[in-house]
K.L.:
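Sharing a structure with you now.
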Amino acid sequence: MVEKQRGAMRLAACDPAAHALGLTAGMALADARARVPDLAVFDHDPVADLNLLGWLADGCERYTPACMLDPPQGLLLDITGCEHVFGDAARLAKDVHARFSRHGLSCRIALGCTPDSAQAKARYAARAISDVPVEALDGGDKVHKALRRAGLRSIGDLAVRPRKPLAARFGKAVVVRLARLLEEEDPRITPRRSLPIIHIAQNFAEPISRTNDVLATIEMLAGGAALQLQERGQGGRRFEICLFRSDGHVARLAVDTGTPTRDAALLMRLIRERIDALSDPLDPGFGYDLIRLEVPIAEVLANVQVGLETKIDTDAAAAALIDRLSVRLGAERVRQFHARQSHIPERAALERVAQSDASKADWPKADWPKPVPGEPAMRPFRLFETPQPIEVTAGFPEGEPRSFRWRRHVHRVTRVEGPERISPEWWRHPRGYAPGNGSLTRDYYRVEDNEGRRFWLFRRGLYDEIERPLWYLHGIFA
Amino acid sequence: MNKKPNHIQPTLSAGAFPSVQGMWKQYQSDAAQSLLPTGAPYVDERLRGGITQAGLHEFFGGAKADSHAAAAFALLLAWRLPQSDAAIFWISGDKERQTSGRLYPYGLSAMGGDPARMLLVQTADLRDALRAAADAIRSKAASAVILETHGNARLVDLTSTRRLALAAAETGVLALLVRGDAVPMPSAARTRWRICSAPSAPLPGNAPGLPTFDISLLRHRGGTAPFAARVTWDHATRSFFDAPLSGGLSAIVTDTKTGPASRQRA
């Protein structure tokens with residue numbers, strides 16, 4: 001693998017055979033070629049390396065949810081409390097090794113009480129932390145050289161020395177790192193994904209691949225998760241299913257709910273919807289050997305007394321339906337109206353996602369204007385997102401429209417009311433209060449054509465604002 | 001050999017289960033009672049009370065630009081339902097929203113509706129829209145479900161409309177299918193209407209007046225003969241009324257040949 005470093009092509013990584021020939025990473029390509037003329041060289045691709053590492057990390061989440069990347073080539077797993085599934089930590093390590101070698105990857109696994117210690121042991125292939133060279137301190141070349149010159153070659157040499165002179169000579173960071181390496185101080189790792197509140201998994205001796213089996217397992221897990229949620233007095237807002245394929249691939253499915261829930265049956269319906277909505281169906285390959293259900297987000301959900309004469313709760317039914325449609329179609333496709341303070345028609349009314357329950361309280365309850373008896377609606381029931389350009393014959397200047405052409409059809413205007421003048425929001429533009437800086441004033445007309453259709457037209461710009469104002473059709477009245 | 005298949009004679013009518021039979025009759029009469037009147041006396045008289053609330057109804061626009069009138073009429077009918085908290089679902093596809101714009105809550109409230117009750121579902125295609133509509137009708141959450149489709153869609157056939165109609169009959173949800181500029185095809189809808197915009201009674205200053213429609217009943221499963229009428233929506237009473245006479249035009253067009261249907265042919 002070669003990479004361009006500071007203008008020269010240098011070796012970025014070598015395989016064992018190249019190591020045996022005396023090549024090392026960091027060597028210039030020209031030097032390497034001089035030694036080994038028939039050297040096979042490939043471009044170094046750090047992004048692909050990182051992707052592979054991420055994929056491996058996904059697969060390693062079968063052991064523990066707390067998994068962290070340690071670029072360029074390391075993975076850190078926090079297996080506290082997880083090793084009992086495999087018997088003990090050594091057997092877990094064996095399982096990791098077996099899975100990696102199945103993919104043709106070589107790996108070194110080390111166990112330590114702190115992530116730093118495990119990382120150093122794995123990196124320098126040491127059995128005990130005292131055998132690890134001082135380079136594991138990550139203090140920079142100067143520090144390492146100075147330590148070596150003082151005869152301190154390994155962490156074991158440093159461990160017996162007093163710390164204070166070390167801190168005075170090399171800085172506090174070195175001492176902190178040393179304490180971590182010596183398992184005196186335990187920094188937690190920062191997992192790639194935030195740890196779920198509840199996670200519950202099922203291992204299989206034989207991989208399963210039939211969809212029904214998978215769904216049955218998920219149902220069982222959902223029941224278990226519901227029990228745990230019940231004990232905590234909580235309901236989940238988000239549920240994630242991780243399907244670990246025996247070849248290391250991981251498929252994740254997430255289901256969001258609008259209100260906290262611990263109803264396993266409801267959850268199963270949502271998951272079925274989610275699986276149906278997948279653009280490419282789940283590929284079980286050689287089967288899943290581990291299925292895990294995680295609840296990353298949960299909220300308080302009090303127990304509800306169900307009475308004999310409880311009427312059908314339309315709110316609950318609506319929430320369930322919204323969840324279902326949101327899961328199937330995407331949350332952004334199920335919406336409700338939302339008002340905003342603005343007098344520009346298209347800015348005054350928005351649509352927001354119906355599912356986001358948490359934010360519902362934040363939204364002010366929309367105060368829609370009440371209709372005036374006897375007066376027709378002054379606003380159309382349908383509005384075009386982008387006003388439709390039309391050709392208009394109108395009185396000059398600033399007269400009413402007489403006829404207009406829209407979508408290749410000429411409408412003769414028989415009735416008209418207007419203009420309703422809507423000025424632009426000048427405060428949105430720099431120096432918008434000065435004439436000519438803001439956007440243009442709109443004159444709105446309510447018109448009815450000879451066939452009885454009612455439209456909302458506007459002329460964008462006054463004649464003293466713009467030379468040739470254009471006309472648009474903005475909405476349609478009932 | 002000549003014995004008729006058993007299922008043609010319903011076992012319920014054998015009298016062996018009088019209670020079940022009674023329930024069936026009760027159910028039938030209940031279904032007959034839940035009619036939704038339009039409020040316009042002439043129309044309700046012809047419909048013998050109104051349209052079936054627990055059923056599917058189709059609305060076609062007369063000409064291409066009348067698809068908005070069909071949508072508006074369906075929406076106004078949904079507002080005729082007794083006030084409740086149950087949501088009104090408006091389901092449409094990306095294509096429909098692209099061509100005919102979005103619903104505008106200020107206009108809805110100005111016509112007497114409550115925008116807070118509206119739930120908008122926008123689907124990528126018609127298949128999803130039909131499925132979403134079926135789900136919404138089956139759930140207890142909706143009081144009315146309006147599905148808007150444009151053009152002649154092969155998916156909206158006898159099977160899919162029958163699915164919606166059965167679901168609506170089961171849950172009592174008013175299901176409205178706005179077909180826009182489509183050509184009527186066989187369907188399971190209880191009624192089929194053609195809706196066109198009609199000139200309104202002008203306000204002082206020749207301003208456009210209240211929403212007015214030419215409606216014509218094309219088909220009725222209950223056997224009501226086709227008829228046409230002109231109705232106006234009054235948002236204060238949330239009901240339609242027979243459009244007043246204006247300009248020498250009869251408010252009630254009894255002859256369908258000269259009615260709004262003729263405009264479509266033109």
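Reckoned from all heavy atoms, side chains included, excluding hydrogens, waters and symmetry mates. First the proteins, then the strands, lettered A, B, ... as listed; each starts at 1.
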K.L.:
Is it the side chain or the backbone of B:Ala87 that comes within 4.5 Å of chain A heavy atoms, both, or neither?
P.N.:
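No part of it gets close to chain A.
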
K.L.:
Among pairs that include at least one residue of residues 105-133 of chain B, which meet salt bridge (Lys or Arg N to Asp or Glu O under 4.0 Å), considering only residues two or more places apart or in two chains?
P.N.:
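Listed once each, the pairs are A:Glu273-B:Arg131.
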
K.L.:
Please determine, among B:Ala136, B:Pro115, B:Ala124, B:Gly101, the option with the most heavy-atom pairs under 4.5 Å with chain A.
P.N.:
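Counting heavy-atom pairs under 4.5 Å, the top option is B:Pro115.
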
K.L.:
Quick one: does B:His68's side chain have a donor or acceptor within less than 3.5 Å of a partner on A:Arg454's backbone?
P.N.:
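No; zero donor-acceptor contacts below 3.5 Å.
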
K.L.:
Would a distance-only check, ignoring hydrogens and angles, find a side-chain to backbone donor-acceptor pair under 3.5 Å from A:Arg333 to B:Gln122?
P.N.:
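A pair under 3.5 Å: yes.
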
K.L.:
How close do A:Phe384 and B:Thr99 get, counting heavy atoms only, and between which atoms?
P.N.:
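In this case the closest contact between A:Phe384 and B:Thr99 is CE2-O, 3.3 Å.
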
K.L.:
What part of B:Thr123 gets closer than 4.5 Å to chain A, counting heavy atoms only: side chain, backbone, both or neither?
P.N.:
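Both parts, backbone and side chain.
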
K.L.:
Is it the side chain or the backbone of A:Thr386 that comes within 4.5 Å of chain B heavy atoms, both, or neither?
P.N.:
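A:Thr386 has no heavy atom closer than 4.5 Å to chain B.
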
K.L.:
Please give me the minimum heavy-atom distance between A:Asn450 and B:Pro199, naming the atom from each residue.
P.N.:
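The answer is O-CG, 4.4 Å.
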
K.L.:
Does B:Cys196 reach the side chain of A:Glu451, with side-chain heavy atoms less than 4.5 Å apart?
P.N.:
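Counting from C-beta outward, B:Cys196 and A:Glu451 never come under 4.5 Å.
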
K.L.:
Could you look at B:Leu203 and say if it's the side chain, the backbone, both or neither that has a heavy atom under 4.5 Å from chain A?
P.N.:
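B:Leu203 touches chain A through side-chain heavy atoms alone.
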
K.L.:
Name the region of A:Ala348, side chain, backbone, both or neither, that has any atom closer than 4.5 Å to a heavy atom of chain B.
P.N.:
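Both parts, backbone and side chain.
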
K.L.:
Please find the pair of heavy atoms, one from B:Leu119 and one from A:Gln336, that lie closest to each other, and give the distance.
P.N.:
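B:Leu119 and A:Gln336 have their closest heavy atoms at CD2-CG, 3.6 Å.
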
K.L.:
Donor-acceptor check, side chain of A:Arg446 to backbone of B:Pro208, threshold 3.5 angstrom: yes or no?
P.N.:
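The answer is yes, because a donor-acceptor pair under 3.5 Å joins these two groups.
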
K.L.:
Taking side chain as everything from C-beta outward and backbone as N, CA, C, O, which of these in A:Val334 sits under 4.5 Å from a heavy atom of chain B? Side chain, backbone, both or neither.
P.N.:
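It is both, since atoms from each part get that close.
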
K.L.:
Hey, is the main chain of A:Leu350 close enough, under 3.5 Å, to the side chain of B:Arg102 for a donor-acceptor pair?
P.N.:
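Not at all, since once roles are kept as given, no pair shorter than 3.5 Å links the two residues.
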
K.L.:
Between B:Ala71, B:Ala110, B:Pro105, B:Ala69, which shows the greatest number of heavy-atom pairs under 4.5 Å with chain A?
P.N.:
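Among B:Ala71, B:Ala110, B:Pro105, B:Ala69, the one with the most close pairs to chain A is B:Pro105.
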
K.L.:
Taking atom CD as the centre, does B:Gln98 end up with more than 12 heavy-atom neighbours from other residues, nucleotides or ligands that are less than 6.0 angstrom away?
P.N.:
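Counting other residues, nucleotides and ligands, CD of B:Gln98 stays at 12 neighbours or fewer.
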
K.L.:
Please classify the contact of B:Trp90 with chain A as side chain, backbone, both or neither, using a heavy-atom distance under 4.5 Å.
P.N.:
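Interface part for B:Trp90: side chain.
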
K.L.:
If we define contacts as heavy-atom pairs under 4.5 Å, which of B:Gly205, B:Gly113, B:Ala72 has the most with chain A?
P.N.:
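Result: the option with the highest number of such pairs is B:Ala72.
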
K.L.:
Name the option with the most non-hydrogen atom pairs under 4.5 Å to chain B; the candidates are A:Pro345, A:Gly475, A:Gly418, A:Ser326.
P.N.:
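Ranked by heavy-atom pairs under 4.5 Å with chain B, first place is A:Pro345.
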
K.L.:
For chain B, which candidate among A:Glu375, A:Met378, A:Glu332 shows the most heavy-atom pairs at distances under 4.5 Å?
P.N.:
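Most pairs with chain B among the choices: A:Glu375.
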
K.L.:
Less than 4.5 Å to any heavy atom of chain A: does that hold for the side chain of B:Ala142, its backbone, both, or neither?
P.N.:
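Neither part; nothing is under 4.5 Å.
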
K.L.:
I'd like to know which of A:Val447, A:Leu325, A:Val416, A:Val372 tops the heavy-atom pair count under 4.5 Å against chain B.
P.N.:
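Looking at each option in turn, the highest pair count goes to A:Val416.
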
K.L.:
Using 0.5 Å steps for rounding, measure from the OG atom of B:Ser67 to the CD1 atom of A:Ile476.
P.N.:
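Between atom OG of B:Ser67 and atom CD1 of A:Ile476 there are 7.5 Å.
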
K.L.:
Pick whichever of B:Arg97, B:Met118, B:Met111 has the most heavy-atom pairs under 4.5 Å with chain A.
P.N.:
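Ranked by heavy-atom pairs under 4.5 Å with chain A, first place is B:Arg97.
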
K.L.:
For a quick test of reading the model, state the closest non-hydrogen atom pair linking A:Pro376 to B:Gly209 and the distance between them.
P.N.:
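Minimum heavy-atom separation between A:Pro376 and B:Gly209: CB-O, 3.5 Å.
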
K.L.:
Sort B:Ala236 into side chain, backbone, both or neither according to what part of it lies under 4.5 angstrom from a heavy atom of chain A.
P.N.:
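Only the side chain of B:Ala236 comes within 4.5 Å of chain A.
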
K.L.:
Can you see which heavy atom on B:Gly112 is nearest to which on A:Pro371, and at what distance?
P.N.:
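Residues B:Gly112 and A:Pro371, closest heavy atoms: CA-CG, 3.9 Å.
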
K.L.:
Which pair of heavy atoms, one from B:Tyr106 and one from A:Arg340, lies closest together, and at what distance?
P.N.:
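Nearest heavy atoms, B:Tyr106 then A:Arg340: OH-O, 4.1 Å.
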
K.L.:
Pick from B:Thr212, B:Ile91, B:Thr237: which one has the most heavy-atom pairs with chain A under 4.5 Å?
P.N.:
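Greatest number of close heavy-atom pairs with chain A: B:Thr212.
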
K.L.:
Between B:Ala132 and chain A, with a heavy-atom cut-off of 4.5 Å, which part of the residue counts as in contact: side chain, backbone, both or neither?
P.N.:
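Answer is both: backbone and side chain atoms of B:Ala132 are under 4.5 Å from chain A.
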
K.L.:
If I measure from the heavy atoms of chain B, does A:Glu351 come under 4.5 Å with its side chain, its backbone, both, or neither?
P.N.:
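Only the side chain of A:Glu351 comes within 4.5 Å of chain B.
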
K.L.:
Specify which of A:Arg382, A:Glu417, A:His411, A:His409 makes the most heavy-atom pairs with chain B at under 4.5 Å.
P.N.:
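Maximum pair count with chain B is reached by A:Arg382.
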
K.L.:
Counting only non-hydrogen atoms closer than 4.5 Å, does B:Phe89 touch chain A with its backbone (N, CA, C, O), its side chain (CB onward), both, or neither?
P.N.:
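When you check distances to chain A, only side chain atoms of B:Phe89 fall under 4.5 Å.
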
K.L.:
Inspect the surroundings of CD in A:Glu385 and state if more than 12 heavy atoms from other residues, nucleotides or ligands are less than 6.0 Å away.
P.N.:
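Check passes, neighbour count above 12.
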
K.L.:
Can you tell which part of B:Ser100 gets under 4.5 Å to a heavy atom of chain A, answering side chain, backbone, both or neither?
P.N.:
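B:Ser100 touches chain A through backbone and side-chain heavy atoms alike.
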
K.L.:
Any idea which of B:Asp234, B:Leu108, B:Asp135, B:Val121 has the most non-hydrogen atom pairs under 4.5 angstrom with chain A?
P.N.:
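So the answer, after comparing B:Asp234, B:Leu108, B:Asp135, B:Val121, is B:Asp135.
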
K.L.:
Can any side-chain N or O of A:Arg415 pair as donor or acceptor with the backbone N or O of B:Ser200 at less than 3.5 Å?
P.N.:
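Yes, A:Arg415 side chain to B:Ser200 backbone: donor-acceptor pair under 3.5 Å.
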
K.L.:
Looking at A:Arg453, is its backbone amide N or carbonyl O close enough to the side chain of B:Asp66 to form a donor-acceptor pair, meaning the two atoms are under 3.5 Å apart?
P.N.:
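Between the backbone of A:Arg453 and the side chain of B:Asp66 there is no qualifying donor-acceptor contact (under 3.5 Å).
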
K.L.:
What part of B:Leu75 gets within 4.5 angstrom of chain A, counting heavy atoms only: side chain, backbone, both, or neither?
P.N.:
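Looking at B:Leu75, just its side chain touches chain A.
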
